[in-house]
K.L.:
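Provided herewith is a single structure, encoded as structure tokens, for subsequent inquiry.
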Amino acid sequence: MGQLLSHPVEEKSIEFREHSSISYCIGSMQGYRMTMEDAHDVRVSDDEKLAVYGVFDGHGGKEIAEILRDKLVALIFKTLQTCIKQNANTELSTYIRLIKDCFFKVDAGLPESLAANCGSTAIITTVIAGKYVIVANTGDSRSILSLQGGCSKNLSFDHKPSTMGERVRIENSGGYVINGRVNEILALSRAFGDFNFKLPYLSLNPTGQHNAYLEQNRSIIKNNVIELPPELYQVSVEPDVLVYDLSCQSEPEFIVLACDGIWDCYTNDALIQVIRKRLRDGWTLQHITEFVLNDCISMANNITGIGFDNMTIMIVALHSNASLEQWTEQFRKR
């Protein structure tokens, strides 16, 4: 868990923006960590037809998370906005490809001097008004959706080395998993940075005994070395992408994005219920965000290890058919 402060830094950064159809509140707190390694960014178009939200949880330093804050959301927003202007009826597969390309582009451009032993997760939620909620995830930050009635819907899945699919990729690229860590070091199987785990070449076993992947791809083996694409690195930046179709389902209530410091303390359902209960009681998004951060820090436990991480949470209210005040009032009436 690294070095910790004897007393938490409980000063909070709360940012709130109200728009006509989509509003949000972001809260972050350093907590018991020696430094703040979380970062975030938001871009919303003037007509609110496109909104991109991002939360980044750094490890090994704050540098990579800060680069993502400055570049990733901005690049995705610019790329999608250009695409939408050129063709308003762009296919979903094109949006997904463009978002993935932005992940690879930003990761490839990270300074090697910073990214060798430093990395970051990224959870990006893109709302294309009236069409889709598209979530791209690399790492173990998470995004969930609150549906009418209080049900939670996963919009991402955590990337852990012990997950079967992740472990297969790690071992196929010459790595191993012990104690839930890649090569006994990294507790994530996908991340930006961490270049020491992104080796583009894999030397083959001189005994000639190879795993199934190498056996199936002997044609690309040259000089006893195989070149790996970025998707197959021990630690990959490739995001998983999940989509919620707004055009054929009832509009959801709100979206939550948060780093694992929040999810260590709350289950998906528990956090949704906490937020909805406070909305029914008339609380503002700012007060709810502050409450969640305070509640998480109060759960700090030396035995379980929860409650000691940096904490960042973002609540995005979806109120396309009403003002934010009317949207909040609907919760009071339920």
K.L.:
Do Leu72 and Phe195 share a hydrophobic cluster (ILVMFWY, side-chain heavy atoms under 4.5 Å, transitive)?
P.N.:
yes

K.L.:
Between Gln273 (side chain only) and Gly150 (backbone N and O only), is there a donor and an acceptor less than 3.5 Å apart?
P.N.:
yes

K.L.:
Taking all heavy atoms of Asp41 and all of Met314, pick out the closest pair and write down the distance.
P.N.:
O-CE, 4.4 Å

K.L.:
Tell me the closest heavy-atom pair linking Ile306 and Asp264, and the distance in Å.
P.N.:
CG2-O, 3.6 Å

K.L.:
Looking at Glu171, Glu166, Met164, which hits side chain to side chain contact (heavy atoms under 4.5 Å, CB included) with Val168?
P.N.:
Met164

K.L.:
Do Tyr32 and Trp263 belong to the same hydrophobic cluster, where Ile, Leu, Val, Met, Phe, Trp and Tyr are linked whenever their side-chain heavy atoms lie under 4.5 Å apart, directly or via other members?
P.N.:
yes

K.L.:
Does some side-chain heavy atom of Phe308 sit less than 4.5 Å from a side-chain heavy atom of Asn302?
P.N.:
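Sidechains of Phe308 and Asn302: in contact.
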
K.L.:
How long is the span from the SG atom in Cys102 to the CG atom in Asp107, to the nearest 0.5 Å?
P.N.:
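These two atoms lie 12.5 Å from each other.
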
K.L.:
Could you check Ile275 against Val256 for side chain to side chain contact (heavy atoms under 4.5 Å, CB included), going step by step and ending with a plain yes or no?
P.N.:
CA-CA 10 Å; Ile275 295 172; Val256 179; 3.7 Å; yes

K.L.:
Just by modelled atom types, is the Ile67 backbone N or O under 3.5 Å from a matching donor or acceptor in the Glu63 side chain?
P.N.:
no

K.L.:
Can a donor-acceptor pair be found, under 3.5 Å and without considering hydrogens, that links the side chain of Asn301 to the backbone of Ile303?
P.N.:
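Between the backbone of Ile303 and the side chain of Asn301 there is a qualifying donor-acceptor contact (under 3.5 Å).
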
K.L.:
Grab the two heavy atoms, one from Ala122 and one from Leu68, that are nearest each other, plus how far apart they are.
P.N.:
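Between these two residues, the closest heavy atoms are CB-CD1, 4.4 Å.
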
K.L.:
Would you find more than 12 non-hydrogen atoms of other residues, nucleotides or ligands less than 6.0 Å from Lys198 atom NZ?
P.N.:
yes

K.L.:
Establish, from distance only, whether the side-chain atoms of Ser156 and Asn137 form a donor-acceptor pair under 3.5 Å.
P.N.:
no

K.L.:
So, the side chain of Arg169 versus the backbone of Ser189: is there a donor-acceptor pair under 3.5 Å, distance only?
P.N.:
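Yes, Arg169 side chain to Ser189 backbone: donor-acceptor pair under 3.5 Å.
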
K.L.:
Answer yes or no: does atom NE2 of His19 have more than 12 heavy-atom neighbours from other residues, nucleotides or ligands under 6.0 Å?
P.N.:
yes

K.L.:
Donor-acceptor pair, Lys78 side chain versus Ile76 backbone, under 3.5 Å?
P.N.:
no

K.L.:
Under 4.5 Å between side-chain heavy atoms, hopping through other hydrophobics if needed: is there a path connecting Leu92 to Phe103?
P.N.:
yes

K.L.:
Within this structure, what is the CG-CG distance for the pair Asp260 and Asn310, rounded to the nearest 0.5 Å?
P.N.:
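It is 9.5 Å, given to the nearest 0.5 Å.
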
K.L.:
I need the minimum non-hydrogen distance between Val241 and Ala136, along with the two atoms involved.
P.N.:
CG2-CB, 4.1 Å

K.L.:
Do Arg142 and Ile123 touch side chain to side chain, with heavy atoms closer than 4.5 Å?
P.N.:
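Not touching, per the 4.5 Å side-chain cut-off.
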
K.L.:
Surrounding CG of Asn179 (heavy atoms of other residues, nucleotides or ligands, distance under 6.0 Å), is the total greater than 12?
P.N.:
no

K.L.:
Locate the shortest heavy-atom distance separating Ile262 from Cys296; write the atom from each residue and the value.
P.N.:
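Heavy-atom minimum between the residues: CD1-SG, 3.8 Å.
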
K.L.:
Could you check whether Ser45 and Gln81, counting side-chain N and O atoms only, form a donor-acceptor pair closer than 3.5 Å?
P.N.:
no

K.L.:
Do Leu199 and Ser173 come within less than 4.5 Å of each other through their side chains, counting heavy atoms only?
P.N.:
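The answer is no; the side chains never approach within 4.5 Å.
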
K.L.:
Between His40 (side chain only) and Val55 (backbone N and O only), is there a donor and an acceptor less than 3.5 Å apart?
P.N.:
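Not a single qualifying donor-acceptor pair exists.
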
K.L.:
Would you say Val44 and Arg17 make side-chain contact, with heavy atoms under 4.5 Å?
P.N.:
no

K.L.:
If you define the side chain from C-beta out and look only at heavy atoms, does anything of Val9 sit under 4.5 Å from Met36?
P.N.:
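SC-SC contact between Val9 and Met36 ruled out.
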
K.L.:
CD1 of Ile99 to OG1 of Thr94: how many Å apart, nearest 0.5 Å?
P.N.:
11.0 Å

K.L.:
Is there a side-chain contact between Ile22 and Leu318, using heavy atoms and a 4.5 Å cut-off?
P.N.:
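Contact flag for Ile22/Leu318 side chains = yes.
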
K.L.:
Are the side chains of Gln326 and His319 in contact, using a 4.5 Å heavy-atom criterion?
P.N.:
no

K.L.:
Does Arg33 pair with Asp309 as a salt bridge, N-O distance under 4.0 Å?
P.N.:
yes

K.L.:
Show, in sequence, the C-alpha distance, side-chain angles and deciding distance for Asn196 and Asn117, and conclude whether the side-chain hydrogen bond (donor to acceptor under 3.5 Å, both in side chains) test is met.
P.N.:
CA-CA 7 Å; Asn196 285 338; Asn117 297 296; 2.6 Å; yes

K.L.:
Going through the distances and angles, do Ser152 and Asp269 end up as a side-chain hydrogen bond (donor to acceptor under 3.5 Å, both in side chains)?
P.N.:
CA-CA 6 Å; Ser152 67; Asp269 288 336; 2.3 Å; yes

K.L.:
Looking at Asp46, I want to see if its CG is surrounded by more than 12 non-hydrogen atoms of other residues, nucleotides or ligands under 6.0 Å.
P.N.:
no

K.L.:
What verdict does the side chain to side chain contact (heavy atoms under 4.5 Å, CB included) test give for Ile124 and Thr138, after you've listed the backbone C-alpha separation in whole Å, the side-chain angles of each residue and the deciding distance to 0.1 Å?
P.N.:
CA-CA 9 Å; Ile124 300 289; Thr138 293; over 6 Å; no

K.L.:
Just do the side chain to side chain contact (heavy atoms under 4.5 Å, CB included) check on Asp38 and Phe56 with the steps written out, would you?
P.N.:
CA-CA 6 Å; Asp38 288 355; Phe56 315 108; over 6 Å; no

K.L.:
With a 4.0 Å cut-off, would you call Arg332 and Glu329 a salt bridge?
P.N.:
yes

K.L.:
Give the ring-plane orientation class for Phe331 versus Phe254, where under 30° counts as parallel, over 60° as perpendicular and anything between as tilted.
P.N.:
tilted

K.L.:
Is Leu188 reachable from Val106 through a run of hydrophobic residues whose side-chain heavy atoms are each under 4.5 Å from the next?
P.N.:
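No, separate clusters.
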
K.L.:
In terms of side-chain heavy atoms, does Tyr233 have a donor or acceptor partner in Glu238 at a distance below 3.5 Å?
P.N.:
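Short answer, no.
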
K.L.:
How many angstroms lie between atom CE of Met311 and atom CG of Asp57, to the nearest 0.5 angstrom?
P.N.:
11.0 Å

K.L.:
To the closest 0.5 Å, what do you measure between CD1 (Ile84) and NZ (Lys49)?
P.N.:
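One finds 10.0 Å between CD1 of Ile84 and NZ of Lys49.
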
K.L.:
List the atom of His59, the atom of Glu37, and the distance in Å for their closest heavy-atom pair.
P.N.:
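Nearest pair, atom of His59 first, then Glu37: CA-OE1, 3.7 Å.
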
K.L.:
Run the side chain to side chain contact (heavy atoms under 4.5 Å, CB included) check on Ile255 and Tyr53 step by step: do they pass?
P.N.:
CA-CA 10 Å; Ile255 304 170; Tyr53 306 87; over 6 Å; no

K.L.:
Any non-hydrogen side-chain atom of Lys277 less than 4.5 Å from a side-chain atom of Asp281?
P.N.:
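Yes. Closest side-chain heavy atoms under 4.5 Å.
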
K.L.:
Does Lys71, at its NZ atom, have more than 12 non-hydrogen atoms belonging to other residues, nucleotides or ligands within less than 6.0 Å?
P.N.:
no

K.L.:
Check for me, please, whether Trp283 and Leu271 land in the same ILVMFWY cluster - side-chain distances under 4.5 Å, paths through other members count.
P.N.:
yes

K.L.:
For the CE atom of Met299 and the OH atom of Tyr266, what is their distance to the nearest 0.5 Å?
P.N.:
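Those atoms lie 4.5 Å apart.
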
K.L.:
Are any side-chain N or O atoms of Ser236 and backbone N or O atoms of Pro230, one a donor and one an acceptor, separated by less than 3.5 Å?
P.N.:
yes

